[in-house]
Each structure stands twice: as structure tokens, then as C-alpha cells.
There are 2 protein chains.
Amino acid sequence: MNESFKALADPTRRQIIRLLREKDRTAGEIADYFQMTKPSISHHLSALKHAGLVQDERKGQFIVYSLDTTVLEEVLGWFLELTGTGKNSSDKED
Amino acid sequence: MNESFKALADPTRRQIIRLLREKDRTAGEIADYFQMTKPSISHHLSALKHAGLVQDERKGQFIVYSLDTTVLEEVLGWFLELTGTGKNSSDKED
DNA sequence: TCGATATTTAAATAATTATCTAAATGTATA
DNA sequence: TATACATTTAGATAATTATTTAAATATCGA
């Protein structure tokens, strides 16, 4: 889960997540939303993927990225537990 | 909110939050849970305070830290919005 | 007021992360 | 198969962050 928290600590990466929440997009489409170079965005996508927050799939020439909400929901659980909103507050790791 | 995400990206700081969730503690008590030097913990506490996640209050010789769940709930809202669990999904900043 | 205790601040260094340009890889198509 | 397009990987550098030791600040109690 540490990787997820670290991945979420960057505003560019959080924006990418929000973009992918709307719909799947190619690396190039994602890069167009930012003023950064494509390699930099590629690096951010790699961090998100490594954290398990997104998935990628090659489609011909393109690579399509999509959101994986599984880990996101784990992180959500961390907060719910903490804020007392959650059902169960038993101790977990991290 | 960026400061909050950055503050939460460190495992030591997340552990401090969990410790403060149980009860208020002095800087020294908190430091005792870690193998780091006190100045390092003081630095982490400063980051958490700067992010609005904790509050501190001097009590005589000691400084007592406590959790401020307000910002934590804002971050929680970010996740709820994203995972679709939340009531309203209108666009917000960040 | 002096000495002990609690904590932070300062200054230095090490480690990590972000970003860029240039080069490499993979795919499509003329 | 040569060329163009989409994307990543490599290598370099700059910026940020974490950590330490040493010094400073604040409070307590004799």
C-alpha cells in the first residue's frame, strides 16, 4: 500500500487518475492534458501502474490505460478505518 | 490538499497518525515508537502539522499532539468521489 | 537562578524523485 | 521493407525530501 500512497502524492498522477475515471485513454491522449514531455508522463504512468492503480493494454500502435479501482478501494478503506466511518476498525498493517 | 497527500506518502507519518488515532501523545512518546532520532520525528510531526493533519499544544514541558480529522475527511472525500461510493461526484479542484 | 528534561531549529549530507533530451522498441502502412 | 507514428527506456541533471549531529529554546523544580 505504500507504493499507492506514494503514487498518489503527486498532483499530475492524481489528475491522470481523474482523467481515467472518465474513460480509458491512450498514453498520448493523457500526455496532451499536461505541459510535460511524453517521457515524463510515461514515467508517471509507470509509477501508477507499479502501484496497481492503473492497467495498460497495447492496442496496435497505442497503449490504452485504464483505472484499476481495487487498490484505490483499499486505500479508501484505510481512511474509513481511520475516520471511524468504516464498519470494522481492527488493526491492520501499514 | 496536495500537502496532505504528500504528508500521507510516508509510512512513518501514517504510523504517527494511527498512534494519534488511539489517543493524544507527546512528541517524546511518539518518538519512542520509532528507531529514528527525535529531531527526525519532530520533522515528520512538523510536516503533518503543516498539512493540517495534526495539532499541537504545549503542556508545560511537553508538547501534546492530537489528530485533526477535518483534513483527513477531505481526503477521504476525494476517494469516495473517485470510487463512486460518494453521494455527489461534481468536479472539484485537485 | 541553575541544572535537568522536552522539544525544536540549523546545517550538512545522503537518498529519492522529477524532469529533460536522445535513443530504442514496437506497430502500422505505403 | 522503408518510413512514420506511439510509446518507453536510458542517461543525465536538478530539485526535493529524509536523516543525522549539534546547538538553541522553553519549562520545570530544587
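In what follows, every heavy atom counts, from backbone to side chain, and hydrogens, waters and symmetry copies are set aside. Quick caveat: nothing in here was measured; it's all calculated off a predicted structure. All chains are named by letter (A, B, ...) in the order of the sequence lines, taking the proteins before the strands, and each is independently numbered beginning at 1.
- Remark: A/D56 engages A/K49 in a salt bridge (charged side-chain N to carboxylate O under 4.0 Å, His left out) (not counting sequence neighbours).
- Between the base of D/dC5 and the side chain of A/Q61 there is a donor-acceptor pair shorter than 3.5 Å.
- Of the listed residues (B/F5, B/F79, B/W78), just one forms a ring-ring contact (aromatic ring centres under 6.0 Å, His included) with A/F79, and that residue is B/F79.
- Closest heavy-atom contact between A/A9 and B/N2: O-OD1, 3.7 Å.
- Listed by residue number, there are no residues of residues 27-35 of chain A with a heavy-atom contact under 4.0 Å to DNA chain C.
- The residue from A/R18, A/R21, A/R14 that alone fulfils the salt bridge (Lys or Arg N to Asp or Glu O under 4.0 Å) condition with B/E81 is A/R18.
- OP1 and OP2 of D/dA6 both lie 4.0 Å or more from every side-chain N or O belonging to A/Y65.
- Contact annotation: A/K38 does not reach the phosphate of D/dA6 (side-chain N/O to OP1 or OP2, under 4.0 Å).
- Remark: A/Q55 pairs with A/D68 by the side-chain hydrogen bond (donor to acceptor under 3.5 Å, both in side chains) rule, at least two apart or across chains.
- Interface limits on DNA chain C: the 5'-most and 3'-most nucleotides within less than 4.0 Å of chain A heavy atoms are C/dT17 to C/dA28.
- A close approach under 4.0 Å does occur between a side-chain nitrogen or oxygen of A/T26 and OP1 or OP2 of D/dT7.
- A donor-acceptor pair under 3.5 Å is formed between the side chain of A/R25 and the backbone N or O of A/L19.
- Residues from residues 46-59 of chain B placing a heavy atom under 4.0 Å of any atom in DNA chain C do not occur.
- Two end axes, each from the C1' atoms of five base pairs, can be drawn for the helix from C/dT1-D/dA30 to C/dA30-D/dT1; they diverge by 20°, to 10 degrees.
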